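Here the structure comes first, spelled out in structure tokens, and everything after it is commentary.
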Amino acid sequence: MPVDGIKTVAVLGAGTMGNGIAHVFARAGYHVILRDVEQRYLDRAMETIGKNLDREVKKGKLTEADKPAVLARFRPVTDMAAIAAADFAVEAVPEKLEIKRSVLGEADRLLAPEAILASNTSSISVTALAALTSRPDRFVGMHFMNPVPVMVLVEVIRALQTSDQTFELTMELARKLGKTPVAVNDAPGFVSNRVLMPLINEAAYCVMEGVATPPAVDAVMKSGMNHPMGPLELADFIGLDVCVDILNVLHEGLGDPKYRACPLLKNYVAAGWLGRKSGRGFYSYSS
Ligand SMILES: NC(=O)c1ccc[n+]([C@@H]2O[C@H](COP(=O)([O-])OP(=O)(O)OC[C@H]3O[C@@H](n4cnc5c(N)ncnc54)[C@H](O)[C@@H]3O)[C@@H](O)[C@H]2O)c1
């Protein structure tokens, strides 16, 4: 299928990533079937999308007149059967293999044979996910960054089985969304988390060993290395539990002790200090 043959996209999961992915497809002119398990998740997602579109209007990225047309391209559904009309589907359900297995299996049965199935997984092997479907050559990783409407990178991950055609089409599709796709082969953590997580982990070790305080570690990286956010601020934003989960994937998948999660990170998670979302991590967000 040529990239211009793609008119309708299904997004499976309307959470943090799903609503952002749906937003960028609809803004680029695609019809979007947004699927979640309950209506209240869809309502929440459409509310977030509305607010984010307003923000884009204020920034001049979109005109006020465009907004209703973008919203009209959405079809929020709880009925999975509705995704059968999609030419391309992106899965963004929780990072649990059992949930992915069930959702991808169902999507694979419902979608037309020529449709492409992509996963936004941040750490599960795309090769293993492709093998769960009857279309492994039409399966690809499409790793968007949070917040999706703002961040330009998409890591396009080629599973062992991904065909050249599927891969090239996905790269082109990401460009049509105004994103910058980067080609990456399937390996634990891809490039983004393979490079980022050891940085965050080492920053946590610096705090644990008393080398410097969190603001001092972040200040070094911001003013010395030109990072827009310090690694510990970023860890709080991502969620310390998510960081530990990804480090565990790197550790298990690559078998190298350098990826061992810092005990301080694990302790923070055990205490429920998960970062911004829980009000406390390396920093306090209570005010
Ligand atoms: N949050 C991030 O910063 C980030 C960044 C890159 C990639 N990812 C990846 O994106 C995926 C989604 O993460 P998220 O942060 O958006 O999670 P989330 O928990 O915010 O959203 C997941 C959504 O999927 C829905 N869901 C659950 N089962 C479903 C099903 N059977 N069918 C349809 N929807 C279902 C949930 O109700 C929820 O709304 C994960 O694979 C994650 O690793 C996350």
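When a ligand or atom number is given, it counts from 1 through the structure's own listing order. Along the sequence shown, the residues carry numbers beginning at 1. Everything quoted here is computed from the prediction, not taken from an experiment.
- In terms of the salt bridge (Lys or Arg N to Asp or Glu O under 4.0 Å) criterion, residue partners of E38 (sequence neighbours excluded) are, by chain and number, R40.
- Within the structure, ring-ring contact (aromatic ring centres under 6.0 Å, His included) contacts touching residues 170-221 (residues at least two apart or in different chains) are H143-F190.
- Salt bridge R27/D66: absent, no basic N to carboxylate O contact under 4.0 Å.
- Below 30°, between 30° and 60°, or above 60°: for Y30 and F25 the angle between ring planes is above 60°, a perpendicular geometry.
- Partners of E202 under the side-chain hydrogen bond (donor to acceptor under 3.5 Å, both in side chains) rule, at least two apart in sequence or in another chain, do not exist in this structure.
- In this structure, ligand 1 sits under 4.0 Å from heavy atoms belonging to G13, A14, G15, T16, M17, R35, D36, V37, Y41, R44, A92, V93, P94, E95, I99, K100, V103, N120, T121, S122, H143, F144, N146.
- We find that E47 and K51 are joined by a salt bridge, their nearest charged nitrogen and carboxylate oxygen being less than 4.0 Å apart.
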